[in-house]
2 protein chains.
Amino acid sequence: MVKLFFVRSAHIIPGMENGIANLLGALSLAVMDRIEHGAREVVGRGGETPAALIVIGYGQGMTNDKLRRILGLSHSGTVRLVDRLVSDRLVERRAGKDGREVALHLTASGAASRNELLASRISAVTSLLDVLSAAERKQLATLIRELLARQDTSEMDRFTICRMCDDRVCTNCPLPTSKGQHGH
Amino acid sequence: MVKLFFVRSAHIIPGMENGIANLLGALSLAVMDRIEHGAREVVGRGGETPAALIVIGYGQGMTNDKLRRILGLSHSGTVRLVDRLVSDRLVERRAGKDGREVALHLTASGAASRNELLASRISAVTSLLDVLSAAERKQLATLIRELLARQDTSEMDRFTICRMCDDRVCTNCPLPTSKGQHGH
DNA sequence: CCATATATGTGCGCTGCGCACATATTTATC
DNA sequence: GATAAATATGTGCGCAGCGCACATATATGG
């Protein structure tokens, strides 16, 4: 009886310890609900399409295949996603340096939609955050920054996590990196 | 020139202030990516299906229409979602008290899948959190709890935010409520 | 020069979902 | 107590987003 108690407590880490995981899960769900709702209003599409627009806008000579890996989609899914962006006049396919590659570029209205998208995202998160005091927000920022900085992420993981990041406000990305690739 | 500078700085709140929003956005995306990936592995379905299984499992005599509002889906979308859960033998439709309503209940294997789902979710979030020290996690928990407690949420908002919450570990939900409806 | 790797495009089908409509039951009104 | 309105569910239909298998074009290494 006593032995059973110790065994179980060693595995479950009862109560408080998992409470933080549940809280962060709930907050993350609320945050993403709001971000995705705003994104759909801006570009009229869901799934990974808004993220694709943001990633292409980083402008590091994005190709179909790089995009595929960042978004975590299949190859054909990515081609069709780009088809939609092209038919919406937000993206152009140009010739890449390598004759196989396609160089993806935002059109003028694509760049405008991307800016709206980023603003909508920041606004959505801010509306949840602004119940905290400036001091509390600073504390939270420090903790999240540490949390991200200590993750063991591959280069592609970093691009994936940052696939909706606002390169206008995220000047020094906390994610660990041997060499800084995309400046955010 | 100087005037322009002041006007712009008043609107944009440059740098640091939006940095926290971007960080929380990135973290939330990483958290939900991991939760959704695990959920799809457990139940073999995506979208709001995993959340539906969890919500039905709260066992407060869930109906099709309550579920619809909690998940934020259309009516028909919800009916078809329940169709899938029924065809997967995870949920049963029983007669509700009101002759119009359908009472949704988990089958034995539905309850088992739900437990796997909750465990997978906690594990996914924990794997991101455990780079923090116990003290840091406690600090973070306090901040998130405050953030959630100060939100201006309707009753339905609370159910929506909590639609994937683990009622086994979330003993006192921080979300503001006049009367506690679902004990988590 | 030829096999293999890399990058893109296509036919086809499935899952998840919304709109419009149909149906059944309760509640309100006269 | 009959009838209108509200509530709750189910269905036909179509679209968006995505993956699998296959086809094609360009580069790279033996």
Side-chain angles (χ1 to χ4, degrees), chain A residues 32-33 36-37 39-53 55-56 60-88 90-105 156 160 163-164, chain B residues 32-33 36-37 39-53 55-56 60-88 90-105 156 160 163-164:
Chain A
M32 291 312 299
D33 278 354
E36 286 166 9
H37 178 264
R40 179 172 287 276
E41 287 211 325
V42 170
V43 298
R45 298 195 181 271
E48 293 297 325
T49 306
L53 201 60
V55 168
I56 293 170
Q60 309 296 313
M62 187 55 53
T63 68
N64 222 319
D65 191 61
K66 274 190 211 167
L67 187 61
R68 176 190 80 74
R69 282 184 288 225
I70 293 172
L71 300 181
L73 296 180
S74 71
H75 162 60
S76 63
T78 306
V79 173
R80 297 288 156 59
L81 193 163
V82 173
D83 285 346
R84 291 193 294 272
L85 289 174
V86 169
S87 78
D88 290 347
L90 301 176
V91 165
E92 284 177 3
R93 285 183 169 111
R94 299 185 192 161
K97 288 187 175 182
D98 191 318
R100 296 167 293 189
E101 292 180 352
V102 169
L104 301 173
H105 290 271
M156 198 50 62
T160 298
R163 73 188 186 274
M164 299 202 70
Chain B
M32 290 312 297
D33 278 354
E36 285 166 9
H37 178 265
R40 180 172 287 276
E41 286 211 326
V42 170
V43 298
R45 299 196 181 270
E48 292 297 327
T49 307
L53 201 60
V55 169
I56 293 169
Q60 310 295 312
M62 188 54 55
T63 69
N64 221 320
D65 191 62
K66 274 191 210 168
L67 186 62
R68 176 190 80 76
R69 282 184 289 225
I70 293 173
L71 301 181
L73 296 180
S74 71
H75 162 60
S76 63
T78 307
V79 173
R80 297 286 155 62
L81 192 163
V82 173
D83 285 347
R84 292 192 293 274
L85 289 174
V86 169
S87 79
D88 290 348
L90 300 176
V91 165
E92 284 178 3
R93 285 182 168 112
R94 300 186 191 161
K97 288 190 175 180
D98 191 319
R100 297 167 292 190
E101 293 179 352
V102 168
L104 301 173
H105 289 271
M156 198 50 63
T160 297
R163 71 190 187 274
M164 298 202 71

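Just so we're on the same page: letters track the sequence lines, and every chain starts at 1. Being a predicted model, the structure only gives us computed values, none of them experimental.
In this view, B:Glu36 satisfies the salt bridge (charged side-chain N to carboxylate O under 4.0 Å, His left out) rule with no residue, not counting sequence neighbours. Evaluation of the side chain to side chain donor-acceptor pair (under 3.5 Å) rule for B:Arg93 yields B:Asp83 as partners, not counting sequence neighbours. Under the side chain to side chain donor-acceptor pair (under 3.5 Å) criterion, A:Asn64 pairs with no residue at all, not counting sequence neighbours. Listed by chain and residue number, B:Arg94, B:Ala103 satisfy the side chain to side chain contact (heavy atoms under 4.5 Å, CB included) test with B:His105 (two or more places apart in sequence, or in another chain). With sequence neighbours left out, B:Ala39 forms a side chain to side chain contact (heavy atoms under 4.5 Å, CB included) with B:Pro50, B:Leu117. Applying the side chain to side chain donor-acceptor pair (under 3.5 Å) rule to B:Arg100 yields the partners B:Asp98; only residues at least two apart in sequence or on another chain are considered. Looking at residues two or more places apart in sequence or on another chain, you find a side chain to side chain contact (heavy atoms under 4.5 Å, CB included) between B:Thr63 and B:Asp65, B:Lys66, B:Glu101. By the salt bridge (charged side-chain N to carboxylate O under 4.0 Å, His left out) test, A:Arg84 pairs with no residue at all, sequence neighbours left out.
Residues of residues 92-103 of chain A having a heavy atom closer than 4.0 Å to DNA chain C, listed by number: A:Arg93, A:Arg100, A:Glu101, A:Val102. Residues of residues 64-71 of chain B having a heavy atom closer than 4.0 Å to DNA chain C: none are found.
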N/O-N/O pairs, protein side and nucleotides 16-20 of chain D side, under 3.5 Å:
from   : atom 1 : to      : atom 2 : distance (Å)
D:dG17 : OP1    : A:Gly46 : N      : 2.7
D:dG17 : OP2    : A:Arg45 : NH1    : 2.9
D:dG17 : OP2    : A:Arg84 : NE     : 3.0
D:dC18 : OP1    : A:Glu48 : N      : 3.1
D:dC18 : OP2    : A:Arg84 : NH2    : 3.2
D:dG19 : OP2    : A:Ser74 : N      : 2.6
D:dG19 : OP2    : A:Ser74 : OG     : 2.7
D:dG19 : N7     : A:Ser76 : OG     : 3.2
D:dC20 : N4     : A:Ser76 : OG     : 2.5

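Counting to the nearest Å, the C1' atom of D:dA8 and the CE atom of B:Met62 are 15 Å from each other.
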Please tabulate, one pair per line, all N/O donor-acceptor pairs under 3.5 Å involving side-chain atoms of residues 73-80 of chain B, not counting sequence neighbours.
from    : atom 1 : to      : atom 2 : distance (Å)
B:Ser74 : OG     : B:Gly77 : N      : 3.0
B:Thr78 : OG1    : B:Ser74 : O      : 2.8

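Closest heavy-atom contact between A:Ala51 and A:Met164: CB-CG, 4.0 Å.
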